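Accompanying notes for the structure given below.
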Amino acid sequence: MTAELIRTDDYLEVRDLRVSFGDFVAVDGVALTLLQGQVHFLVGPNGAGKTTVIDALTGLARGQGVATFDGEDLLGRSSHAIARLGVGRTFQTATVFNDLTVLQNLDIAGLRHRRRRSLWRARHGIPDAVAEAAEAVGLSHLLDRPAGVLSHGQKQWLEIGMLLVQDARVLLLDEPVAGMSAQERDATGELLHRIGRERTIVVVEHDMEFVRRYADVVTVLHAGRVLASGSMEQIRANPEVQRVYLGDHAEGVSNA
Amino acid sequence: METVVAQVFTGLSSASVLLLVAIGLTLTFGQMGVINMAHGEFLMAGSYTAFVTASILRGSALSLPVALVVGFLIGGLLGIALEATILRWMYDRPLDTLLVTFGVGLILQQLARDIFGAPAKEVSTPTWLSGTVPILGYGFPVTRLFIIALSALCVAGLFAMLRLTDLGRRIRATVANRDLAESLGISTRRTDRTTFFIGSGLAGVAGVALTLLGSTGPTVGTSYIVEAFLVVVVGGIGQLKGTILAALGIGIGRSFLESWTSGSMAQVLMLLAIVAFLQIRPQGIFTTTTRSLA
């Protein structure tokens with residue numbers, strides 16, 4: 001990441017991020033620079049600290065170090081305050097409001113954009129932002145369906161749609177294609193590139209085929225540290241990555 | 001026939017008070033996982049509010065409406081105070097909240113005893129609520145009709161608020177999934193406080209209503225809290241519809257049992273029925289079912 005790449009665009013800067021649970025250090029000095037308009041992937045073996053990085057950036061885990069977005073410090077803020085800054089996330093297990101319809105789910109995501117005065121007032125009609133988001137994630141025809149009966153893949157899309165309604169500028173997605181069919185994966189990958197043009201997208205992923213096809217930038221985490229960062233080709237050529245991560249997959253044994 | 005109508009009606013009016021108490025508990029228990037044993041003392045505070053208002057306004061026709069509003073505010077403020085000072089530190093530790101709020105309840109009871117004295121206080125019924133209305137050949141006391149209407153109005157208002165307003169959406173989002181609500185930019189802390197205010201305020205309203213049926217003492221809350229929790233559990237935790245059905249079932253059922261046996265026997269039979277019901281449906285009348293993977 002060279003300095004001239006960083007323009008006046010919003011970007012997420014993480015430096016020396018540390019997260020520990022008791023004596024266990026889950027994230028040990030991670031540095032990331034995440035630019036707008038690129039789809040970033042965070043990969044690494046189980047327990048590498050990928051989800052913990054996202055948790056720390058969204059206020060669910062207490063992190064130390066520096067994490068700024070658009071000049072605002074993220075660490076130490078509560079989750080909802082971070083969400084209001086435009087940093088949104090999805091969860092590993094597709095997490096939506098199962099009892100509410102697709103429309104209601106999207107609607108709740110748009111709450112913060114409404115004026116405080118409207119807090120007690122009833123509303124009618126579908127707001128534009130909601131209709132656009134539903135269209136973008138391909139759920140327009142399911143608006144009145146309870147979210148609980150959606151397929152796993154559709155729930156993941158709904159989550160992403162909620163982030164769009166929320167007008168999140170950074171989307172931190174935790175394993176969005178886990179449990180999806182090949183077709184759904186392709187649709188998701190294309191969706192990420194479509195919405196990623198004006199946003200910063202960070203995806204935690206295990207499926208290396210998916211990473212290869214859709215990643216602009218890949219960062220490999222191992223044991224809470226950044227092992228390597230760059231294009232998929234650079235990552236693949238990196239001997240340390242091969243030893244630690246890709247090797248595990250190829251041989252199915254852990255490195256000694 | 002006449003006694004059946006009378007029993008249903010009497011049951012309905014005591015169920016209405018029970019419902020006002022229990023629906024507040026459903027909100028706080030369902031949303032925050034807090035077992036608030038001091039909820040009954042919020043009801044007691046409402047009752048004493050009615051007593052104080054009546055002695056200040058001295059028989060004015062306005063004393064009851066004023067008491068209802070002030071009772072709601074006092075109950076709500078007590079709730080917020082409890083939330084802000086103690087409960088906020090013990091979310092997701094239901095057993096600890098049970099013990100702590102039980103202690104708070106005892107303190108509030110003693111406080112009432114110190115201020116108002118141990119003997120029960122009577123609040124005279126306003127003249128516009130005295131008398132009876134004949135329905136189906138039976139003379140219904142207007143006070144009981146008023147309580148039924150009041151409870152129905154509060155519950156309908158609560159439902160409308162939860163379904164139609166943004167505040168209601170925030171509350172439902174927080175109940176359904178706290179982390180998700182936070183990640184959508186909803187301040188769950190603020191939502192919790194608002195919910196606690198409304199739930200506790202409804203207990204205050206119930207307390208005011210209760211003064212129309214009987215006298216007020218420092219321990220008036222304890223007689224309601226256990227039954228209110230039974231209603232919440234039978235209805236399904238956090239399920240408003242279930243709470244309504246359970247309150248009506250328990251209130252009317254006990255009214256009938258009392259007419260057939262004695263008061264304490266009715267209590268025993270009611271508890272047995274509830275135990276049997278929970279054997280069959282431990283999750284209560286209503287539950288949430290989804291295809292969720294989590």
Side-chain angles (χ1 to χ4, degrees), chain A residues 54-55 58-60 78-100 104-124 146-152 154-156 159 162-163 165-168 172 174 178-179, chain B residues 26 30-31 76 88-89 91-92 156-195 197-198 201 236-242 283-294:
Chain A
I54 290 190
D55 283 351
T58 53
L60 285 185
S78 60
S79 290
H80 69 269
I82 293 170
R84 288 177 190 182
L85 286 177
V87 179
R89 71 167 299 168
T90 64
F91 295 85
Q92 221 163 47
T93 49
T95 306
V96 294
F97 298 114
N98 286 316
D99 292 343
L100 305 183
Q104 287 170 331
N105 268 278
L106 293 169
D107 222 20
I108 283 180
L111 277 182
R112 79 181 177 96
H113 291 302
R114 264 176 257 143
R115 282 167 296 152
R116 274 197 69 66
R117 241 183 308 156
S118 72
L119 199 64
W120 288 90
R121 214 170 44 205
R123 285 173 323 102
H124 302 283
V149 306
L150 295 181
S151 74
H152 183 66
Q154 288 168 329
K155 279 186 191 171
Q156 298 278 12
E159 271 194 288
M162 286 157 83
L163 294 182
V165 173
Q166 208 182 323
D167 205 14
L172 306 167
D174 201 351
Chain B
T26 311
Q31 176 172 335
R88 59 181 297 195
W89 309 109
Y91 284 127
D92 303 318
L158 187 65
F159 260 87
M161 188 274 283
L162 286 176
R163 297 219 162 255
L164 302 175
T165 67
D166 283 351
L167 176 66
R169 289 198 184 89
R170 273 165 222 250
I171 290 176
R172 287 196 292 161
T174 306
V175 173
N177 191 322
R178 195 161 277 276
D179 284 348
L180 182 54
E182 274 280 326
S183 79
L184 294 174
I186 295 170
S187 167
T188 54
R189 287 275 312 120
R190 190 201 299 258
T191 310
D192 281 348
R193 237 173 290 143
T194 315
T195 312
F197 179 78
I198 295 170
I237 290 157
Q239 302 287 324
L240 290 183
K241 276 183 231 155
Q283 68 280 61
I285 299 175
F286 285 108
T287 44
T288 317
T289 46
T290 57
R291 273 172 60 185
S292 157
L293 291 175

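All of these numbers come straight from a predicted model, not from anything done at the bench.
Contact detail for B:A173 and A:F97: the closest heavy-atom pair is O-CE2, 3.1 Å. Smallest separation of non-hydrogen atoms from A:V96 and B:L180: CA-CD2, 3.5 Å. Heavy-atom minimum distance, A:A83 versus B:G185: CB-N, 3.4 Å.
In this structure, B:R169 CZ and A:D107 CG are separated by 5.0 Å, a value rounded to the nearest 0.5 Å. One distance of note links OG1 of B:T174 with NE2 of A:H80; it measures 11.0 Å at 0.5 Å rounding.
With B:E182 contributing its side chain and A:L60 its backbone, the two residues share no donor-acceptor pair below 3.5 Å.
When heavy atoms are compared at a cutoff of 4.5 Å, A:T58 does not approach chain B at all. With a threshold of 4.5 angstrom between heavy atoms, A:I82 does not approach chain B through any atom at all. Contacts of A:F91 with chain B are made by side-chain atoms alone, with heavy-atom separations under 4.5 Å and no backbone atom involved.
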I'd like to know whether B:S183 forms a side-chain contact (heavy atoms from CB on, under 4.5 Å) with A:Q166, so could you lay out the CA-CA distance, the side-chain angles of the two residues, the decisive distance to 0.1 Å, and finally the verdict.
CA-CA 10 Å; B:S183 79; A:Q166 208 182 323; 5.8 Å; no
Would A:I108 and B:L184 count as a side-chain contact (heavy atoms from CB on, under 4.5 Å) if you check the C-alpha gap in whole Å, the side-chain angles of each, and the deciding distance to 0.1 Å?
CA-CA 8 Å; A:I108 283 180; B:L184 294 174; 3.9 Å; yes
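For the side-chain hydrogen bond (donor to acceptor under 3.5 Å, both in side chains) test, no residue two or more places apart in sequence or in another chain qualifies with A:S79.
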